[in-house]
Number of protein chains: 2
Amino acid sequence: MNEASSGDTLLFLTDEQLRQGIEAMFFAYRGFTSAPDQILEGMDYGRAHHRALHFIARVPGMNVKRLLEILGVTKQSLNRVLRTLIEDGLVDSRVGTSDKRERHLFLTEKGRELEARLSDAQRRQMRSAYRQAGPDAVAGFRQVLEAMIEPQVRATYASLREGQG
Amino acid sequence: MNEASSGDTLLFLTDEQLRQGIEAMFFAYRGFTSAPDQILEGMDYGRAHHRALHFIARVPGMNVKRLLEILGVTKQSLNRVLRTLIEDGLVDSRVGTSDKRERHLFLTEKGRELEARLSDAQRRQMRSAYRQAGPDAVAGFRQVLEAMIEPQVRATYASLREGQG
DNA sequence: ATGTTAAGTCAGCCTTGTTGACATTCCAAG
DNA sequence: CTTGGAATGTCAACAAGGCTGACTTAACAT
């Protein structure tokens, strides 16, 4: 609500509107993570494992550096998670063919099973929300979310969509 | 928009669409929290302190039980945060008048200052996204988010909007 | 031969969540 | 008035998952 007091058309930018959006985002994110969290509790895994599984499933054969960029954590942090997934036989780490320094990550059958369970639960939750809100709302939802992604991260996000959009 | 396999109109519910939404949510949430996080880093506070300040600012005089419900954490977890905020003179905890077991929480001047800094930063971020996406998208965004909030939490969310919608 | 990159590891720290146990204070019902 | 239950606070211990710093190994690239 800066210059141009054009009243009506900018009402969606009032502080109160923004605050409601902020709170909706806070509560919705809890709902967003709750289904996979419930599956994971009791297992020795957490949200971090879920994220790793998700993106390895999404881009099979991706190397560690790429996964680090996507997740936005340090390699020490990722390594703790990745190690247990490899030890437990959910993830397969293969030496690169062209560049042997790299490790390429794949899900094993066991890994695919867990990832599928988690994804199904999360999609079910998401599908329900989408269905309630309808297609036009979903389009707007996506537009706002994409505008919220930080510029440095946007390239990473976009690259995930290429080739499988 | 419920069942009724009307083909085209349900394309927004495909697994691929849902997965994109899930990933957008993941990356967007990082953008959502980044501005306040940057302000807090270096201070002795974290995201949990921000959340407490936010809701105390939102509902001045609220008691601890209510705040616990909103935040969805254990009292031990909240207490650690709340104690430092009180000790540092950002939050004022007053014994209830009608029921003296309760403590009513208020921001001090100092607390209001920090909360305002954090809120301003987060609203700036949100406003930018809203502006890019436009009012119709924002309406859809809100609809989907609200549908994502878990039923048990929805009452809490709704009660925040009453009286100040 | 040298420098850089990818990956992994060890050690230690912080925040923020969790349980469980327990004390205090106060309201309300018997 | 006593007693049970509710609201709050606190201690201790623990776990997940972030972080930094330092260092190794292997492989690529010049």
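To find a chain, count down the sequence lines: A is the first, B the second, and so on, and within it residues start at 1. These figures come from a predicted structure and were not determined experimentally.
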Tell me whether the OP1 or OP2 atom of [N] has a side-chain N or O from [X] closer than 4.0 Å.
X	N	value
B:Lys65	D:dA7	yes
B:Arg51	C:dG17	yes
B:Arg83	D:dC11	yes
B:His49	C:dT16	yes
A:Thr74	D:dC19	yes

Taking the side chain of [X] as heavy atoms from C-beta outward, which of [options] is closest to it?
X	options	answer
B:Asn63	D:dT8, C:dG17, C:dT19	D:dT8
A:Ser77	C:dT18, D:dT8, D:dG17	D:dG17
A:Arg101	C:dA7, C:dT16, D:dC28	D:dC28

Measure from [atom1] on [X] to [atom2] on [N] and round the result to the nearest Å.
X	N	atom1	atom2	result
A:Leu68	C:dA7	CG	P	8 Å
B:Arg80	D:dA12	CZ	P	13 Å
B:Arg103	C:dC27	CZ	P	12 Å
B:Leu78	D:dA7	CG	P	15 Å
A:Leu85	C:dG8	CG	P	12 Å
B:Ile86	D:dG9	CD1	P	7 Å
B:Leu82	D:dG9	CG	P	7 Å
B:Asp44	C:dT16	CG	C1'	15 Å

Does a distance-only test, which skips hydrogens and angles, find a donor-acceptor pair under 3.5 Å between the side chain of A:Gln76 and the base of D:dG21?
yes
Is a donor-acceptor pair below 3.5 Å formed from side chain B:Lys75 to base D:dT8, judging by atom type as modelled?
yes
Name the residue closer to the 5' end of DNA chain C, choosing between A:Asp99 and A:Asn79 according to the nucleotide with the nearest heavy atom.
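Its nearest nucleotide being more 5', the pick is A:Asp99.
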Compute the ring centroids of B:Phe55 and A:Phe26, then answer whether they are less than 6.0 Å apart.
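Yes.
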State, with a plain yes or no, whether a side-chain heavy atom of B:Arg112 is found less than 4.5 Å away from one of B:Glu115.
no
With a 4.5 Å heavy-atom cut-off, do A:Leu53 and A:Tyr45 have their side chains touching?
no
Distance-only polar pair, side chains of B:Ser34 and B:Gln125, donor-acceptor under 3.5 Å:
no
Looking only at side-chain N and O atoms, does A:Ser128 offer a donor or acceptor that is under 3.5 Å from a partner on A:Gln132?
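Looking only at side-chain atoms, A:Ser128 and A:Gln132 do form a donor-acceptor pair, the distance falling under 3.5 Å.
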Would you mind classifying the nucleic acid contact of A:Ser98 as base, sugar-phosphate or nothing, using non-hydrogen atoms under 4.0 angstrom?
sugar-phosphate
Knowing that exactly one of B:Leu85, B:Val64, B:Asp92, B:Asn63 qualifies, which makes a side chain to side chain contact (heavy atoms under 4.5 Å, CB included) with B:Leu105?
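Testing B:Leu105 for a side chain to side chain contact (heavy atoms under 4.5 Å, CB included) against B:Leu85, B:Val64, B:Asp92, B:Asn63 leaves exactly one candidate, B:Val64.
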Closest-nucleotide 5' rank along DNA chain D - winner of A:Arg47 and A:Lys100:
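Residue closer to the 5' terminus by nearest nucleotide: A:Arg47.
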